[in-house]
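What follows is one structure encoded as structure tokens, with my remarks underneath.
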2 protein chains.
Amino acid sequence: MPVTNQLVIEVQERVRSEAKRRGVRWTNQRQVIVEQFLLSGEHLTADALLARAREVDSAIGAATVYRTLNLLVEIGVASRVRLGGDSASFEPILGRTHHDHLICISCGRVVEFEDEAIEKRQAAIVKKHGFQIRHHRLEIFGVCPVCAGG
Amino acid sequence: MPVTNQLVIEVQERVRSEAKRRGVRWTNQRQVIVEQFLLSGEHLTADALLARAREVDSAIGAATVYRTLNLLVEIGVASRVRLGGDSASFEPILGRTHHDHLICISCGRVVEFEDEAIEKRQAAIVKKHGFQIRHHRLEIFGVCPVCAGG
DNA sequence: TTGGCTGCAAATCTTTTGCAGTTCG
DNA sequence: CGAACTGCAAAAGATTTGCAGCCAA
């Protein structure tokens, strides 16, 4: 699922204007971090993002990455997901539709999938309980064909 | 959803025999922790379980609770769930059918639900990708009627 | 007896925060 | 200029681990 430059630029723009609207400053570090985050196009941990960002600007600190990620989540451009391990992963919400995760408990490989039927059932359940849905997280754990295959 | 003593005893027995099979010792601390865990019948954090266990035996240490919970998860009698915050929650898998969670992001209330249709779709998706499913976790976040209601 | 447990405290690990200096607007 | 940001290091919080003594089998 390659991310086009066009899309990245678009989202960058959106983040930037939203930041301005909130009186949040646009620093060079944030530029680098957001850019690397969007370009990755995949779910990645704060630590992995820090590594990527440091390839561009080696002085960037971990705290700044965390602060920026939290900002992105708040703005609604990133989402935090739990993919098993101890640390959270983040992923860009570009123009992509919502998707869930299928995780191999042996090798850690993550397959993304979408399912309209599940989304619909969820909506129905939430309605039944009178909730207003915000977001959800579906993670299926199992063994992938490679790890299982004899 | 009250938990009957009968059920607790049954599960205790199962845990105990499984422990024996694995050459795992059955100590008094484990007895207390497992008992309190099963009696709670609800999802609770390691910390909450520690508190409960200490009401029975005030000398029990946090590490023992963690070690026991991990053991229970391994044996397949408990499952670890993420209900938002920083810490994991655990819940007993008794004779109960699998269920998922609907979580209020305002007050933290957790509603459990089951949905046959979702389970079926999941099975289909997993099969399509050639995975062998082990378990899954579906958490829906939203605002409950009480918090939303004017 | 003896290897697996236990509690404690120290160690890890991820994420947040305080602070003094820096920089965007 | 001044408030918001940054990196660093320390703090915080959850969970794990090392160790010396303890105890179930």
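Chain letters run A, B, ... following the sequence lines, proteins first, then strands; residues in each count from 1.
Under a 4.0 Å N-O distance rule, the pair A:Glu18/A:Arg22 qualifies as a salt bridge.
Within the 4.5 Å cutoff, the side chain of A:Arg80 has heavy atoms near those of the A:Asn70 side chain. Taking the side chain as every heavy atom from C-beta outward, A:Phe141 and A:Leu102 never approach each other to under 4.5 Å.
Within the structure, the salt bridge (charged side-chain N to carboxylate O under 4.0 Å, His left out) test picks out no pair touching residues 57-71 of chain B (sequence neighbours left out).
Nucleotide C:dT16 holds its P atom 14 Å from the CG atom of A:Leu50, rounded to whole Å. Distance CZ (B:Arg80) to P (D:dA14): 15 Å, rounded to an integer number of Å. C:dT6 atom P lies 12 Å from atom CG of B:Leu69, rounded to whole Å. Rounded to an integer number of Å, the gap from CZ of B:Arg67 to P of C:dA9 is 14 Å. Going from atom CG of A:Asp47 over to atom P of C:dT16 covers 13 Å, rounded to whole Å. The CD-P distance, from B:Gln31 to C:dC5, rounds to 16 Å in whole Å. Between the CG atom of B:Leu49 and the P atom of D:dT15 there is a distance of 12 Å, rounded to whole Å.
Using cut-offs of 30° and 60° for the angle between ring planes, the B:Phe113 and A:His129 rings count as tilted.
Within the 4.0 Å cut-off from OP1 or OP2 of D:dT15, at least one side-chain nitrogen or oxygen of B:Tyr66 is found.
Along DNA chain C, the nucleotide nearest B:Val65 and the nucleotide nearest A:Thr45 are compared for position; the residue whose nucleotide lies closer to the 5' end is B:Val65.
One hydrophobic cluster, built from ILVMFWY side chains closer than 4.5 Å, holds both A:Val15 and A:Leu71.
Under the side chain to side chain donor-acceptor pair (under 3.5 Å) criterion, A:Gln31 pairs with A:Trp26, A:Glu35, not counting sequence neighbours. Among residues two or more places apart in sequence or in another chain, the side chain to side chain contact (heavy atoms under 4.5 Å, CB included) test is passed with B:Ser79 by B:Val81, B:Glu91, B:Ile93.
Within residues 18-29 of chain B, the residues that place at least one heavy atom under 4.0 Å from DNA chain C are, in residue-number order, B:Val24, B:Arg25, B:Thr27, B:Gln29. Contact check of residues 54-63 of chain A against DNA chain D (heavy atom, cut-off under 4.0 Å) returns A:Ala59, A:Ile60, A:Gly61, A:Ala63.
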Could you pull out every donor-acceptor pair under 3.5 Å between side chains of residues 49-56 of chain A and any protein atom, sequence neighbours left out?
residue : atom : partner : partner atom : Å
A:Arg52 : NE   : A:Gln36 : OE1          : 3.2
A:Arg52 : NH2  : A:Gln36 : OE1          : 3.4
A:Arg54 : NE   : A:Ile60 : O            : 2.7
A:Arg54 : NH2  : A:Ile60 : O            : 3.0

